[in-house]
Amino acid sequence: MAGSSALEIRGIDAGYGAVRVLEDVSLTVPAGETVVLLGTNGNGKSTLMRSIMGQVRPSAGTVRAVLDGRPVDLAGLSPEQVVSLGIVLVPEGRRLFPRLTVEQNLRLGAYRPAARERLAENLALCFEMFPRLAERRAQLVGSMSGGEQQMVALARAVMSAPRILLVDEPSVGLAPILVSRTMEMIAEMKARLGLTVLMAEQNFHQAVRIADRGYVIVHGRMAFEGGSAAALQDNELVRKVYLGL
Amino acid sequence: MDPTVSLLLNGIVSGLLLGGLYAAAASGLAVSFGMLDIVNIAHPALMVAGGFAVILIGTALGLDPLLVAVLQAPVFYLLGTGIYRAYNHFFERRGDEALQGLAFFFGVMFIIEVGLVMLFGPEQRFLDPDYAFVTWRLGEIDVPLRMLAPALLAMAAIGALWLFLTRSFTGLAIAAVAQDPEALRLMAVDPVRIKRMAFGISVALAAVAGGALVVVQPIDPSSHHVFIGRVFAICIMGGMASLSGAVMAAFLFGVVENVTATFYGPSWSPAVAFGWLLLVLAVRPQGLFGRAA
Amino acid sequence: MSATTLPAPAMPTARLHLSYWLGAGALAVALILLLRLIGNEYGWYAGYFVLQYVVLAAAWNILGGYAGYVNFGAAGFMATGSYTTIVLYEALGLGVIPGILGAAVVAGLLGLGTGYLTLRLRGVYFSIATLSLSVVLQTIVVNWDYVGGSRGAYIIRPMEVPPFASYGEYIFVVMLVLAVIAVGIGRTVEFSRLGRGLQAIRDNERAAEAVGVPTLRLKLIATTLSGALMGVAGAPLPFYAGYLNPEGAFNLAYAVNAIAMPLIGGAGTWLGPVIGAVLLATLQQAATVTISSALNLWIVGWMLVIFVALFPRGILGWFRRR
Amino acid sequence: QDSNPIRIGYSMSLSGGLAANGRSALLAQRIWAEDVNARGGLLGRPVQLVTYDDQSNPANVPSLYTKLIDVDKVDIVTSPYATAMIAPSMPVVMQRGMTYVSLFGAGVNERLKYNRYFSMNVTGDDIKGTYARGFLECTKMLPNPPRTISILAVDNDFAQRAAESVRTLAREYGLRIVYDRSYPPSTVDFTPTVRAIQAARPDVVFFASYPPDSNGILRAVSELRMTAALFGGGMIGPQIAAVQAQLGPILNNLVNWDVYSPEPTMKFPGVDAFQEKYRARAPQEQTDVLGNYLQPYAYAQMQVVEQALARTGKVDQAALAEDMRANSFGTIVGDIRFSALGEWAKERNLFVQFQNITDGDLEKYRKPGTKVILYPPELKSGSLKTPYGAPA
Amino acid sequence: MSGGILLRAERVGKRFGGFVALQDIDLELRAGERLGLIGPNGSGKSTFVNCISGDFAAHDGQVTLGGQKLDGLKPHRRARLGLARTFQLPQPFTSLTVLENVRVPLLFAGEAANATRRAMECLEQVELAAKADKLPRELTQVEQRRLELARAIALRPQLLIADEAMAGLSHAEVDQILALLRRLNAAGTAVIMIEHIMRAVTEFSERLIVFVAGRKIADGAPREVLALPEVEGAYLGRQ
Ligand SMILES: Nc1ncnc2c1ncn2[C@@H]1O[C@H](COP(=O)(O)OP(=O)(O)OP(=O)(O)O)[C@@H](O)[C@H]1O
Ligand SMILES: Nc1ncnc2c1ncn2[C@@H]1O[C@H](COP(=O)(O)OP(=O)(O)OP(=O)(O)O)[C@@H](O)[C@H]1O
Ligand SMILES: [Mg+2]
Ligand SMILES: [Mg+2]
């Protein structure tokens, strides 16, 4: 598997209306690895994620996924088609269904046919990872605390039985104890389910614990590519912005 | 039996039967209005249109109105998806649905009503199955089949809908789609397709309710007026997105109306029923059977 | 909801308001002169028909357009105004003008009461509550013999009101003045902090409260104003028609038009309801007198659909976008 | 010969709640215009009808009538159908001093006292004092004198006047009122109401209702097997073909207010010819197929205009009114004379009983013997059958 | 620079149905104080803010601000008394521009005359001035949070409660917001900071309070509080 990339983005431009957010961005997420995407806010991390999912249409460049060794061009696919392939996003701001219960939210995660088969198994897995959700399975999600909602968002992604998981800032709003646990969980999910993970994250210390490599995006351009966690830590930009050095 | 008790019991039973008709009319709305947030004020007009279709087809083929109502439901499903397509194209896609959609459906309501006048004339139309003249007697309680048969059909249709909504993934998606359509796409669901289906279902239910209405009473193109306030009130009282809530509210509404009519005269029954709704809303803003979020 | 922010007025507000009143006054005088020139009674009556909707739409817009509280019960408020006039006529023999003042007070109080509904009811819940209110009011009127109950009430109006050439002209001028006032009030609301506060409420009531907007007070002002003006829109009706029954007073058309007209013109702007009302009411009147069959209502229905489809943010919104 | 037509303008309800009757009235009036024109017109001029749809909405009426008078400059105006539509036209018509023949208004001129108002309706000046008399007279035909009566009336103008009349007259006939209520037009289910009436055990049952409620009431009555010695009243609906077809035998022995029945006693000259033409065209115009109700009166309304014009020889509103006050009119609904208020000088509320009905076939309604006239005595064509609703 | 007691909460309690979200919370805050409030997710922090701001009616207890009892006062009255809060999930006025969003509080705080100028100042403070004419939906999540802050400081509050104003910010951006809060504090505004970013909390707070499961379990100097084993167990985890 080594070397054959699971997600491959080449030279994309993307934006909203007349506003150009991404310029000539390339990025590779090799199969079975966890890649962290760094960048201060407003630099286009979420836009990049959305471009992969088909929520934003890049005006140039290619987005390709390799699934079971078979390359798939994602350009022109709708989000639902992308998700059907097993590429799942935990979106910024969680995007839960507030007037549905925890359990209903999770079940909806398993909508894609491949995930339905594993519904029971995945549900048990979610409740094992987040016991709080098992306690609150009948609570309306809208009434949960911020952190609890973050748990639902992650769990819902698990329910989709992802092959490639995109996570947009998973640690936002989580208590420290949960941040490290979430990172471990993503690592564990990756190990258990054989995932490939692309994660946008601000909490550098936590992110590098599980990251195999990383990118830094500045003003919509790829500013740095770190082949390993150590390389990232040594980068000037990262040291300045994330480590306060 | 004490005559007053007998009156009361009969009032309750006939109220429940009337509630069956209301439930039929409101259940489709619980989907479009309650779940999709589409204020389809033309729903009762669609119901009456369904009634006209039932009479036309039923008379031509000599079939039972309730049977025709069920058979024609797929056609109305398609009509519903068509209306939704227009709605989506002109409003939803542009993010202007909430209020503009209301005006749109007001227009649809006029078009249907006057269209029916132009097609069939303003006269009353009817199609009575044989059982419409049969009344069962259980002790001192009368159960006219004219009211019972439609109520049972309504319950069956609502039961099927309920199973569909609670047991299927599509049903779950219908419940979620209005809350965040964009997020639903991240669950591999096409929200537009889901809404189209759901709206089609709601219109199909309107057509079934139209069949029920035909059995209960003759109809004319403006018959829907009396239902507009009632069905929306019932949906609200039922807690919007809750089908079981809407059914309970429909029964309650029917019973309140009929018991009031029995003891205080029919003159005040709408005021009592709607006044009561105001009261319910004042105490429980989320409806009688709704859940606070 | 269609409105986006308006640029802050460039002129000082006082001058801005003065220019409205002068402009509207001039327009009104011009209109009267024009109709006199045409010189037939129908002009006054058709004009009244359109203007009553201008008042109604402007009134609805104050609550529905700015604050986003959709009132389904406009017919109830209008009828409250009409029946206030009838009561004053029956009891004291009063004419149109006192009727209008009375209607403003009574319908305003009813609006104030409705305002308290907004304490707990938002969105469609509020709408259905106002609809219920209208049903309850109608039942009361129907059972109230003093105002004729379901049989309706007759008003014997004076044959002439000097210096006006005819009663038609008189009632038209009255409605014209009311329309100028109603639109002026809507406009004043829009450019005042009341309007801005209502917009904040429409967008996010909880946040508005948190940043110090007295939401309840603003909503009460809005429901009272809006209710009073709707009552005013209905107040001259018994004198216009000489007769009113509950079915006519609570006609579905009022509730529908009160919503449709601002939406088509552009809700949440002062001019939108005027445009919508003039356009739609003229169209309705024209369809009624040109097409002498049921087709007229059908065409009105299609027009409604086509207009909202073409101008999803109202006609005004469409121009703004260009 | 003057080819410049005489234009008669009015509004009719062609859509909305009153449309069913409005449309058939319009058809009758069109037939009249064709008849007149076939005879060479009026005063040597052809007749032209100028009509608008008032949508059953009273608020539309004032502007339509100003349009007719001021813009269309019609020579004559006649009224829309029913009180709620006629009343709002009055101020306009009065201001112009137009002579005005109305159709099926009730008590419109009671307070207005307009001396150029003439009404084509059988109810006469004093609805309260006369309307229900015929019905109550029928109690005298019963084998045992009844003691109690129930009243249920819909909340609208005509029904409330009818109910008031029963209330006023009941004592005179020795009847005690044991149930007296109104219901709103939006009522869907009548079972509870009928059951409440049943519980009061009235000997005589009086309903004043409108379609479709009349249907709902009679269906509920049949389902609850309600019976009464004398049963009926002022129900609007059983006069209409569609309702007769639907209710079929449920109508048997119902005693109801009416205005026309094809009994030998009512064979006024011209009515058969009118009905023949009407029935030939009704299906295609989608209106009532029989024309046994207000249709002959709509025709007669125009006959009054026609005869007054013919006599006065010119379109002169004052002269026309003068003529209408002074003369009697021979119409297809009989000879008519107007009172000072413009109502029929002598009321002619019919009370008919439905008899010998076995199914919903409408053919029998074209012939005598189905709607037997019980009142007034001079038109009486059969005898009362009692009770209503006895098990078959 | 801390003065007398500004905010006092006594035995505040809140239930949702049968679920006890807050129980017997006592808290005192001096004028100009910088207080950190931490606790696991769902421990009741936001609920507490809502009880203080008047969004929720507390079931028990009472709250005073500057000696005045707040019970029964609606949120906007409390805002006028100098209590400003931001929402954990940003709640902008969606149809108003960024500038208008900030003008709204000023219009109702008796500053209508120079509302525009003051609003621009506030936007400058949160570095949003460049986006004054944008609609909130065109802002990123983080920018929306800053807008929340701008709206809150426009009220010139005596007390600002910032509910996770820094979630999702990078190190450098956290520093910017911290600097902003410090400037405000230096001008006399007391701040309650609810935050899960420990660096921010420790750098900023003079005092730290910890909620666990709706109860206050610790209150004191940051270093001491963070050293408590129960805080580590429930909240921090092994660092
Ligand atoms: N829907 C939108 N319409 C217009 N502009 C947008 C939209 N969404 C984002 N932007 C703009 O695009 C730019 C990049 O936004 P993006 O959300 O990708 O940044 P990000 O790196 O994810 O930031 P954050 O850390 O704040 O989440 C920002 O300047 C933002 O204002
Ligand atoms: N309306 C409600 N109905 C039921 N439970 C509720 C409601 N609102 C809040 N809760 C529950 O109350 C608890 C406290 O919520 P709160 O939002 O105060 O937590 P928090 O400390 O702010 O957490 P976080 O750090 O995740 O934001 C949570 O468990 C939440 O699920
Ligand atoms: Mg982002
Ligand atoms: Mg919180």
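For chain E, the nearby part of E92(A) is the side chain; its heavy atoms alone come within less than 4.5 Å. With a 4.5 Å cut-off on non-hydrogen atoms, R181(A) does not touch chain E at all. Only the side chain of L89(E) comes within contact range of chain A, judged by heavy atoms closer than 4.5 Å. With a 4.5 angstrom heavy-atom cutoff, A21(E) does not touch chain A via any of its atoms.
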### Task
Start with the C-alpha distance between F16(E) and Q139(A), add both sets of side-chain angles, then the distance that settles side chain to side chain contact (heavy atoms under 4.5 Å, CB included), and finish with yes or no.
CA-CA 11 Å; F16(E) 295 106; Q139(A) 184 174 353; over 6 Å; no
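Counting only distance, with no hydrogens or angles, the side chain of N41(E) and the backbone of S145(A) share no donor-acceptor pair below 3.5 Å.
With sequence neighbours left out, the side-chain hydrogen bond (donor to acceptor under 3.5 Å, both in side chains) criterion links R215(E) to Q23(E).
Within 6.0 Å of atom CD in E203(E), more than 12 heavy atoms from other residues, nucleotides or ligands are found, so the atom counts as buried in its surroundings. Under a cut-off of 6.0 angstrom, the local environment of CZ in R11(E) is sparse, with at most 12 non-hydrogen atoms contributed by other residues, nucleotides or ligands.
Closest of all the heavy-atom pairs between P176(A) and M198(E) is CG-CG, 3.6 Å. For the pair G173(A) and A167(E), the tightest heavy-atom approach, listed with the atom from each and the gap, is N-CB, 4.1 Å. Considering all non-hydrogen atoms of both residues, A175(A) and P40(E) come closest at CB-CA, 4.0 Å.
A side-chain hydrogen bond (donor to acceptor under 3.5 Å, both in side chains) check over residues 164-176 of chain A, counting only residues at least two apart or in different chains, returns the pairs S46(A)-D168(A), S171(A)-E201(A).
To the nearest 0.5 Å, atoms CD (E164(E)) and CG (L174(A)) are separated by 9.0 Å.
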